[in-house]
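As the structure lists them, so they are numbered: ligands from 1, and atoms in each ligand from 1. Everything numeric in this text was worked out from a predicted model, so none of it was measured.
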Amino acid sequence: MQLNTATPEQLRQWESELLSEYENLKQQQLNLDLTRGKPSSDQLSLSDALDGILKGDYTAADGTDTRNYGGLDGIGEAKALGAELLGVNGDEILVGGNSSLTLMYLSAQTAFNFGLNGPDSAWNKQEKVKFLCPVPGYDRHFSICEQLGIEMVAVPMLSDGPDMDVVEQLIKDDSSIRGMWCVPKYSNPTGIIYSDATVNRIAQLGNIASPDFRVFWDNAYAVHDLNSEFEELANIMEACRKHGTESSVLQFCSTSKITQAGAGISFMGASSSNLSAVKKVLSIQSIGPDKVNQLRHLRFLPNKEAVLTHMQKHAALLRPRFECVLKNLEEGFGGTELGTWEAPEGGYFVSFDCLPNVAKAAVKLSADAGVKLTPAGATFPYGNDPQDRNIRIAPSVPSVEELDTAMKVFVTCVKLASVQSKL
Ligand code: PLP
C-alpha cells in the first residue's frame, strides 16, 4: 500500500476493503486495553513471597523497629539498595512510599514553593518558569508541570536521547528554564537509552543553566531489560561530579514494576543539599514512610543482583508480548510509509509514529472496535501532538493471544485512518 502514488480510485478501493475488514473485527465485540504500562497479574504474582516474608521479625539491620514512627528517609538497608540502583553515595538517597511520582511531585513542589537553595531560589519568585520536555514523553510528568503552572517547551527526542543541541541552545537563550524531564533508560514511550555522550552533556547543563535548574532523572526502567543482557546506562551522578554539577540532577526510581505496582517502595537520589530541602517539606507531610514494606522488600530483594535475577522472570513474561507487537507492526507496515517504530530492548512501551494527522482517528477507530489505546497526543505537553502522529502501545497486560487480536485491529485502524486522511 503506497498512499503517495495511489490514484483516488485506488484509495477508494482500499478504503472499502479496509472498512469491510474493520466491520468484521468489530463483530468480535472485543474489550482489550493497551493503555497503561502496568504489570500483568502473572508479573505481580512473581512477588507473592513478599506476603508474610517478615514472619513476625520487624527489626531492621540497625535495630530499628520498623513498625514505629520515624526514619523519614528510610531504613538503612533500603537506602543501600536505592544507592546501588541509582548509582549515588549512601548519604544521597531517600527511600519513600509506594510511588516515585509522589517524590517527583514533592521535589517539584519544594523547588517551586520553597526553593532547593533557600527561599530566594524558589521558582515562584520568577514571573515565568519553564521546563524542557523531550517528546514523545510521559504524560504524568507533563501533568505535574501543568498543575504548578510551569510552561512546557517540547524538545525532539532522538535515538540516543533528547536533541542536546536544541536543549543547550534553549537553556542559553532562555533564563526562565528551570528544569527538564528525562526517562534515560527505556524512555517512556520510545524505549531508547540515552547514550554516554548525551548523559555527559546533560551533566554539564548545570554549568550553563540557572543555579536553580534541575534535571528530573526518572529512571523508572533502570533494571527493566527484556533480554538477558543488562544494559548499562552511564552514571549521571558520576558525570556530574566530574563537572561540579552534583546539585543539578534529581534521580528517581521505584519497585513499582519490580514487585507490586501499587505497593512497592520508591527512591530519590540527590545531593545532600537537595535532599535536605526536600526532607524539610516532607517532614511536614509525614512522620515517616512505611518502613515495614521497605523491610519486606529488602528481605525479598536484598541487593541489585537479586533484583536483576528477579527481573529476568519479568522479562520472560514480557518478551513474547513485545515480539507479538513488533511482528504485527512489521507485517502490517514493514516497507510502507504508513508508520515507523523502534524495537525497544526494555521498558513497557512501543512507540508508533503514523503519518501526520492519523493518530487521533486511528485511536478512535480502535476504541470503537473494542481496543483501547492511550489517547493520541498524551505523549506530548498539553496533550497536543502538533503532527498528530504518535501512538503509545502498552503490551504488558493482555495475553499474547489477546494482544495478537488487538494488534490486528490496530493495524487495520491505522491503515483505514491513513487512507481516509489521504482521501
Ligand atoms: N515514571 C515513568 C516514566 C513511568 O512510566 C511510570 C509508570 O508508568 C512512573 C514513573 C510511575 O512510577 P511510580 O509507580 O513509582 O510512581
Side-chain angles (χ1 to χ4, degrees), residues 33-40 43-44 47 74 78 81-82 85-86 93-109 131-145 147 152 157 161-162 179-194 215-226 233 236 249-269 278 282 289-290 293-294 297 301 307 311 314 318 321-322 344 346-351 373-375 378-381 390 392-397:
D33 191 336
L34 307 188
T35 54
R36 294 237 69 106
K38 304 195 290 195
S40 64
Q43 286 178 267
L44 295 170
S47 301
L81 175 63
L85 290 174
L86 291 176
I93 194 89
L94 175 146
V95 191
N98 73 332
S99 164
S100 59
L101 201 63
T102 302
L103 294 176
M104 291 177 229
Y105 185 75
L106 169 71
S107 304
Q109 204 187 26
F131 251 60
L132 302 181
C133 300
V135 291
Y138 179 40
D139 53 350
R140 291 182 192 272
H141 289 162
F142 306 151
S143 304
I144 292 178
C145 283
Q147 218 210 11
M152 291 177 270
M157 187 68 130
M180 167 162 150
W181 290 108
C182 291
V183 183
K185 187 168 168 185
Y186 304 133
S187 136
N188 176 352
T190 64
I192 61 103
I193 304 182
Y194 290 15
V215 174
F216 280 61
W217 193 257
D218 177 4
N219 207 351
Y221 302 105
V223 290
H224 302 61
D225 305 85
L226 282 174
L233 169 74
I236 184 85
V249 176
L250 311 174
Q251 298 192 63
F252 306 91
C253 72
S254 76
T255 63
S256 286
K257 292 178 193 97
I258 297 174
T259 58
Q260 298 173 343
I265 60 176
S266 56
F267 305 96
M268 174 173 178
V278 167
L282 181 62
D290 178 349
N293 196 31
Q294 293 183 4
H297 273 75
L301 299 170
V307 171
M311 291 313 287
H314 282 277
L318 286 170
R321 289 169 165 85
F322 276 80
Y348 265 66
F349 305 101
V350 177
S351 175
L373 295 159
T374 310
T379 52
F380 282 72
N390 187 251
R392 184 181 83 166
I393 301 168
S396 54
V397 173

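For L101, heavy-atom contacts with ligand 1 shorter than 4.0 Å involve the backbone as well as the side chain. Residue-level proximity to ligand 1 for S254 is carried by the side chain, the only part with a heavy atom below 4.0 angstrom. Of the heavy atoms in R140, none comes closer than 4.0 Å to ligand 1.
Regarding atom 6 (C) of ligand 1, its nearest protein heavy-atom neighbour is Y138 OH, 3.2 Å. Closest to atom 12 (O) of ligand 1 among all protein heavy atoms lies S100 OG, 3.3 Å. Scanning the protein for heavy atoms near atom 16 (O) of ligand 1, the closest one is S99 OG, 2.7 Å.
Checked by distance only, ligand 1 and S256 come closer than 3.5 Å through their nitrogen or oxygen atoms. Every N/O-N/O distance between T102 and ligand 1 stays at or above 3.5 Å. Between D218 and ligand 1, an N or O atom pair is found at a separation short of 3.5 Å.
Side-chain contact between T255 and F267 is present, with at least one heavy-atom pair separated by less than 4.5 Å. H297 is not listed as a side-chain neighbour of I258, based on a closest heavy-atom distance of 4.5 Å or more. Proximity of T379 to T374: side-chain heavy atoms (C-beta onward) are nowhere separated by under 4.5 Å. For the pair M152/W181, no side-chain contact is recorded, criterion being any heavy-atom separation below 4.5 Å from C-beta on. The side-chain heavy atoms of D225 and Y186, taken from C-beta on, include a pair separated by under 4.5 Å. The shortest distance between side-chain heavy atoms of F216 and C182 does not fall below 4.5 Å.
Paired with N188 under the rule side chain to side chain donor-acceptor pair (under 3.5 Å), one option of H141, R140, R392 passes, and it is R392. When P189, P162, S351 are each tested for a side chain to side chain contact (heavy atoms under 4.5 Å, CB included) with M157, only one passes: P162.
Every atom of ligand 1 is numbered from 1 in the order shown, and the set under 4.0 Å from a heavy atom of A220 is 1 (N), 2 (C), 3 (C). Residue Y221 approaches ligand 1 through these ligand atoms, each under 4.0 Å from one of its heavy atoms: 3 (C), 4 (C), 5 (O), 7 (C), 8 (O).
Residue contacts with ligand 1 include K257, since one or more of its heavy atoms lies under 4.0 Å from the ligand.
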